[in-house]
Amino acid sequence: MTNTLTLTRPDDWHVHLRDGDALAAVVPHTAAQFARAIVMPNLKPPVTTTAQALAYGERILAALPIGSDFQPLMTLYLTDQTPADEISRAHEAGVVAVKLYPAGATTNSSAGVTDLRHTRAALEAMQRAGMPLLVHGEVTDPDIDLFDREAVFIDKHLVPLRKDFPELKIVFEHITTREAAQYVAQAGAHTAATITSHHLLFNRNALFLGGMRPHYYCLPVLKRELHRQALLNAVGSGSDRFFLGTDSAPHATHLKEHASGCAGCYTALSAMELYAQAFDSINALDKLEGFASFHGPDFYGLPRNTGKVTLKREAWTLPEELPLGQAGIKPLCGGETLAWQLAVD
Ligand code: DOR
Ligand code: ZN
């Protein structure tokens with residue numbers, strides 16, 4: 001049995017850090033686990049310009065613990081109006097990727113894209129620049145069952161998009177279904193996907209086990225066991241099309257435990273421990289380094305990290321709640337004992 005696992009320092013290719021007091025509360029957790037992270041732009045108001053992305057990056061750096069070398073990788077929020085020259089400006093300024101939220105799909109997505117046809121010029125500029133498009137892949141049509149929205153998105157939007165922009169790098173974010181895993185596995189070298197730890201560890205029963213459990217509610221929502229198994233197979237295959245993206249999404253406790261609770265699981269505090277648990281469950285710990293540390297930078301065309309981290313099989317209990325400015329935040333699995341613990345060398 002493997003009890004110690006040393007890996008190249010990992011990165012998080014999809015995280016929400018928010019702003020202000022919440023940013024200050026959560027960024028140390030991500031910075032303790034990861035060397036870099038792709039930071040989502042769904043702030044209020046969204047990060048739609050290069051100037052906003054650079055200013056947000058500075059606020060993240062200012063909120064880091066002293067001595068941290070964590071590097072935020074900044075993104076732009078795509079809208080129907082994003083001009084091609086904003087993409088070029090962003091690329092030249094070091095903004096790494098652009099996020100597509102279908103309007104209304106999730107938290108702070110109301111300014112998102114209403115019709116992909118409006119984004120042609122921006123997508124062409126991204127394709128030219130080699131800038132990845134990060135896709136929240138769910139249709140928003142209220143007539144489509146919530147659990148089917150990802151699968152329908154593939155046929156309705158992703159397949160045509162892939163065809164129209166054959167060279168565009170596309171990351172299908174936080175995939176949750178067998179259909180998505182199958183699609184990505186055969187879609188060619190310019191398509192990849194991130195997978196969260198919670199979608200690897202839990203199926204939709206977790207939402208209702210012994211009562212309604214809002215801390216397990218995220219978007220895309222947890223799916224049936226067969227889909228969880230397909231995601232485990234995808235990461236266990238060692239395919240470089242799949243890489244780590246926590247989608248850690250902090251929301252204050254009172255907004256999760258609410259009649260209309262916010263979507264998002266807070267996993268930043270124990271991200272690598274949760275992934276280790278998932279990979280361990282299928283005897284695939286030898287595939288964790290590729291998933292967490294190599295496939296992401298290789299796809300983005302960024303250098304791999306050089307430092308190391310060590311995971312030890314050492315039980316510890318996650319705190320139930322932490323401060324989030326004036327409020328609190330409950331990490332996913334708070335109060336529970338985890339089998340693995342991360343130590344940075
Ligand atoms: O669960 C989610 N939370 N899914 C998303 O797509 C957005 C995120 C958030 O920003 O809270
Ligand atoms: Zn997200």
Side-chain angles (χ1 to χ4, degrees), residues 11-20 22-23 25-27 29-30 34 37-48 56 60 72-78 96-113 132-140 146-147 149-150 153 170-177 180 192-202 204 206-207 213-223 243-258 260-268 271 274 296 324 327 329-333:
D11 302 304
D12 184 351
W13 298 93
H14 183 130
V15 72
H16 299 267
L17 295 178
R18 313 299 188 211
D19 214 343
L23 168 64
V26 303
V27 77
H29 300 156
T30 290
F34 298 107
I38 287 277
V39 183
M40 288 298 124
N42 62 333
L43 302 183
K44 285 187 221 168
V47 178
T48 54
Y56 184 31
I60 295 168
L73 303 174
M74 305 314 295
T75 60
L76 277 195
Y77 183 116
L78 189 67
V96 167
V98 179
K99 179 71 189 268
L100 163 64
Y101 288 105
T106 186
T107 310
N108 297 343
S109 63
S110 55
V113 172
L133 177 71
L134 315 183
V135 178
H136 183 111
E138 290 191 286
V139 293
T140 54
L146 181 75
F147 292 93
R149 288 183 186 175
E150 183 174 280
F153 185 89
I170 296 176
V171 185
F172 195 171
E173 297 288 339
H174 42 55
I175 61 166
T176 64
T177 57
T194 54
I195 304 184
T196 76
S197 59
H198 42 289
H199 291 100
L200 291 171
L201 287 169
F202 303 107
R204 65 193 196 179
L207 278 160
R213 301 200 299 168
H215 298 286
Y216 289 81
Y217 173 57
C218 62
L219 288 171
V221 73
L222 293 172
K223 302 294 193 300
F243 45 85
L244 187 157
T246 62
D247 199 17
S248 176
H251 291 280
T253 304
H254 66 281
L255 298 175
K256 291 285 294 172
E257 298 175 1
H258 188 275
S260 178
C262 295
C265 298
Y266 188 60
T267 53
L274 294 171
L324 186 80
I329 182 160
K330 291 194 176 170
L332 191 70
C333 305

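Just so you know, ligand 1 is whichever comes first in the structure, and atom 1 is the first atom listed for that ligand.
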Using a strict cut-off of 4.0 Å, indicate which atoms of ligand 1 neighbour a heavy atom of [X].
{"X": "L219", "value": "1 (O), 2 (C), 4 (N), 5 (C), 6 (O)"}
{"X": "H136", "value": "6 (O)"}
{"X": "H16", "value": "7 (C), 8 (C), 9 (C), 10 (O)"}
{"X": "H251", "value": "9 (C), 11 (O)"}
{"X": "C218", "value": "1 (O)"}
{"X": "A249", "value": "3 (N), 8 (C), 9 (C), 11 (O)"}

### Query
Are K223 and T177 close enough that a side-chain donor and a side-chain acceptor fall under 3.5 Å?
no
### Task
Examine all N, O or S atoms of E173, backbone included, and report whether one is under 2.8 Å from the Zn ion (ligand 2).
no
### Message
Any N/O/S atom, side chain or main chain, of H14 closer to the Zn ion (ligand 2) than 2.8 Å?
### Response
yes
Identify the protein heavy atom lying closest to [atom], giving its residue, its atom name and the separation to 0.1 Å.
{"atom": "atom 3 (N) of ligand 1", "value": "A263 O, 3.0 Å"}
{"atom": "atom 6 (O) of ligand 1", "value": "T106 OG1, 2.9 Å"}
{"atom": "atom 10 (O) of ligand 1", "value": "N42 ND2, 2.8 Å"}

Side chains of [X] and [Y]: does their closest heavy-atom pair fall under 4.5 Å?
{"X": "V26", "Y": "L324", "result": "yes"}
{"X": "T194", "Y": "D247", "result": "no"}
{"X": "L134", "Y": "I38", "result": "yes"}

### Query
Are the side chain of K256 and the backbone of C265 linked by a donor-acceptor contact shorter than 3.5 Å?
no
### N/O/S atom name from H16 that is nearest to the position of the Zn ion (ligand 2)
NE2
### Task
Of all N, O or S atoms in D247, identify the one at the shortest distance from the Zn ion (ligand 2).
OD1
### Query
From L274 CG over to L332 CG, what is the distance, rounded to the nearest 0.5 angstrom?
6.5 Å
### Among H29, H16, H251, H215, side-chain hydrogen bond (donor to acceptor under 3.5 Å, both in side chains) partner for Y266
H29
### Where C333 and Y216 come nearest, the two heavy atoms and their spacing
SG-OH, 4.3 Å
#### Entry: Least distance between heavy atoms, L222 atom then A206 atom
CD1-CB, 4.1 Å
[X] and ligand 1 - part of the residue with a heavy-atom distance under 4.0 Å:
{"X": "M40", "result": "neither"}
{"X": "N108", "result": "neither"}
{"X": "R18", "result": "side chain"}

### Task
Could you tell me whether E173 and K99 have a side-chain N and a carboxylate O separated by less than 4.0 Å?
no
